[in-house]
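Report on the following structure.
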Amino acid sequence: MPLQSFLPIASDSDFPLENLPYGVFRPRRGGPARVGVAIGEYVLDLAALDEAGLLAMTPVGGQEIFARDALNAFMAAGPAAWQAVRNTLQRLLAADEPTLRDHQPLRDAALIRQSEVELLLPVQIGDFTDFYSSLYHATNTGKMLRPDSPPLFPNWRHMPVAYHGRASTVVVSGTPIPRPHGQIKPSSSPAPFFSPSRALDFEVELAMVIGVGSEFGAPVPVAQAEERIFGLVILNDWSARDIQGWEYQPLGPFLSKNFATTISPWVVPLAALEPFRCAGEPQDPPPLPYLHAPGLGHFDITLEVWLNDTRICQTNARHLYWSFAQQLAHHTVNGCRLRPGDLMGSGTISGPTKEARGCLFELTWRGTEPLQLADGSKRRWLEDGDTVTMRAWAQGDGYRIGFGEATGTIVPGVAVSG
């Protein structure tokens, strides 16, 4: 039976009482940025609740921790504080709780329609790492790039492979995406040339937002990894495939990836996803002991991608080979330090069917099988003016835990002068 709030919440809303994702917003009528949670069609202003003393019994009450333009300070407070605030909010928003329901001045101050706010980047991101954790994506990629060799490199089934991205170009949903320029060298060309990317792509992912940091030199055991994860967001790691094809030898992605990464504005807490735990893809051979994570470490989360008015992909996070806990444990096994706000993408999430391929590189099979869109046009790669919208949700009994959207529209890029 779904939880009942005094606010009207549709059964297909992304933001029921079971969810309560965190974000940072600024009222369109003016005022400073601050922390809120999404509930139905509203944003609940946590700074207003704290000022009214309604969070006083939590470990972060009265510290003005929500009157800020990023979630980092709250995330650093740790799991006990996260759970205490979540419990308090669910109680205050419940249908039978009069404290907020019957206090009209406070309701007017603390509950703002989402249409009346600007959603901002929710965290101050210090570092961004992107993993490569989908067996189907890695296998499809290997088949296209190395048709005469095994699709997976020998290390892939033994550890979560990743690259370090660029935090400075992580942007919130709705930010236009300029087409990148770079060096391109098709196989038919004797030398590289400088050009706007002609093979611009998206990648549908989830990303974990690190809440509690770790000490330099201190690995995080896999059994304790989820204690560091504040929540998850949708992530679109935009990719310039033609720039990538020339530059990745031998060190991997650089300019082809670091020009833009889009995330959704709401961070869904891991606590909201507990009912949706599931097994991931079977791991064979068994991972080394430091990556051995018994139990259900994956989540049944549906993701879909729309290109303009056409849905072109639907996949699920349960298809990931490496879990978020395993990714984090591997990231820190050498003593790498974590900090609140660090962002770690799952890598493209693809599944076993054609519709579940999580990027154009796979959906069009490297541009050889163009997609037919609803307006009659075809796409091998993204064109200027195209809008990519990603959505994600976990479906419960009478409610859904939604992530909102991660949306971006391609615009012409700025060429280098001189």
Side-chain angles (χ1 to χ4, degrees), residues 21-22 70-72 75-76 79 82 121-134 137-138 156 159-172 203-216 218-239 252-253 257-258 260-270 273 280 287 290-291 293 297-299 301 303 317-349 358 390 392 403 406:
Y22 294 89
L71 283 164
N72 295 55
M75 296 191 302
W82 309 340
L121 196 69
V123 297
Q124 183 179 354
I125 301 168
D127 287 294
F128 167 47
T129 301
D130 196 45
F131 282 89
Y132 188 47
S133 293
S134 167
H137 174 62
W156 198 91
M159 64 179 181
V161 177
Y163 80 96
H164 290 289
R166 183 74 180 173
S168 63
T169 43
V170 179
V171 296
V172 73
E203 293 184 341
V204 61
E205 308 185 21
L206 291 173
M208 52 182 156
V209 179
I210 301 304
V212 179
S214 62
E215 295 300 319
F216 174 67
V220 176
V222 66
Q224 301 171 20
E226 288 190 357
E227 298 172 12
R228 312 274 176 169
I229 303 172
F230 179 72
L232 303 181
V233 295
I234 306 171
L235 184 145
N236 182 353
D237 199 30
W238 304 92
S239 300
K257 295 277 192 174
N258 70 6
T261 301
T262 298
I263 65 172
S264 52
W266 297 110
V267 185
V268 175
L270 221 55
L273 297 170
Y290 80 94
L291 288 172
H298 291 69
F299 298 93
I301 301 171
L303 301 101
R318 68 174 179 265
H319 295 310
L320 288 172
Y321 188 86
W322 298 105
S323 72
F324 292 108
Q326 289 174 315
Q327 293 168 37
L328 191 152
H330 182 68
H331 199 315
T332 64
V333 73
N334 64 347
C336 176
R337 182 185 180 189
L338 299 177
R339 293 180 293 182
D342 285 352
L343 188 69
M344 299 185 189
S346 62
T348 304
I349 301 176
M390 297 179 179
F403 288 71

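- Between V333 and M159, every side-chain heavy-atom pair lies at or beyond the 4.5 Å cut-off.
- Interatomic distance, L206 CG to F299 CZ, rounded to the nearest 0.5 Å: 10.0 Å.
- A pairwise comparison of heavy atoms in N72 and P340 identifies ND2-O, 3.1 Å as the closest pair.
- Side-chain contact between F324 and L270 is absent, with no heavy atoms from C-beta onward closer than 4.5 Å.
- Considering only heavy atoms from C-beta on, I263 comes within 4.5 Å of L121 through its side chain.
- For the pair T129 (side chain) and M344 (backbone), a donor-acceptor distance under 3.5 Å is absent.
- Shown here are the side-chain hydrogen bond (donor to acceptor under 3.5 Å, both in side chains) partners of D127, two or more places apart in sequence or in another chain: R339.
- Between the side chain of T262 and the backbone N or O of A260 there is no donor-acceptor pair closer than 3.5 Å.
- Looking at Q326, its side chain does come within 3.5 Å of a backbone N or O of S323 through a donor-acceptor pair.
- Annotation for V222 and A293: closest pair CG2-CB, 3.7 Å, computed over non-hydrogen atoms.
- Rounding to the nearest 0.5 Å gives a distance of 9.5 Å between NE2 of H331 and OG of S214.
- For residues 203-214, every residue pair satisfying the salt bridge (charged side-chain N to carboxylate O under 4.0 Å, His left out) rule, not counting sequence neighbours, is listed here: E203-R241, E203-K257.
- Taking the six-membered ring for Trp and thresholds of 30 and 60 degrees, Y163 and F128 have ring planes more than 60 degrees apart, a perpendicular arrangement.
- Within the model, atoms CD1 of I234 and CD1 of I349 stand 10.0 Å from one another, a figure rounded to the nearest 0.5 Å.
- Considering only residues two or more places apart in sequence or on other chains, P160 meets the side-chain contact (heavy atoms from CB on, under 4.5 Å) condition with F131, L291, W322, Q327, H330.
- Of all non-hydrogen atoms in V212 and A76, the two that sit nearest each other are CG2-O, 4.5 Å.
- Around the CD atom of E226, the shell of radius 6.0 Å holds more than 12 heavy atoms that belong to other residues, nucleotides or ligands.
- Nearest heavy-atom pair across G347 and D130 is N-OD1, 3.7 Å.
- Side-chain contact between S134 and T348: absent, with no pair of heavy atoms (C-beta onward) separated by less than 4.5 Å.
- The side-chain contact (heavy atoms from CB on, under 4.5 Å) check on A207 picks up V233, L235, L343, with sequence neighbours excluded.
- Pairs engaging residues 321-337 under the salt bridge (charged side-chain N to carboxylate O under 4.0 Å, His left out) rule: none recorded [sequence neighbours left out].
- Among D342, T332, L328, the single residue meeting the side-chain contact (heavy atoms from CB on, under 4.5 Å) criterion with R228 is L328.
- The shortest non-hydrogen separation linking S264 to A406 is N-CB, 4.0 Å.
- Using a 30° and 60° split on the angle between ring planes, F230 and W82 fall in the perpendicular class, above 60°.
- Separating the OG atom in S346 from the CD1 atom in I301 is a distance of 9.5 Å, to the nearest 0.5 Å.
- No donor-acceptor distance shorter than 3.5 angstrom exists from the side chain of S133 to the backbone of L320, with no hydrogens or angles considered.
- Evaluation of the ring-ring contact (aromatic ring centres under 6.0 Å, His included) rule for H298 yields no partner, not counting sequence neighbours.
- The distance from atom CG of L338 to atom CD1 of I210, rounded to the nearest 0.5 Å, is 5.5 Å.
- The shortest non-hydrogen separation linking P21 to P269 is CA-CD, 3.8 Å.
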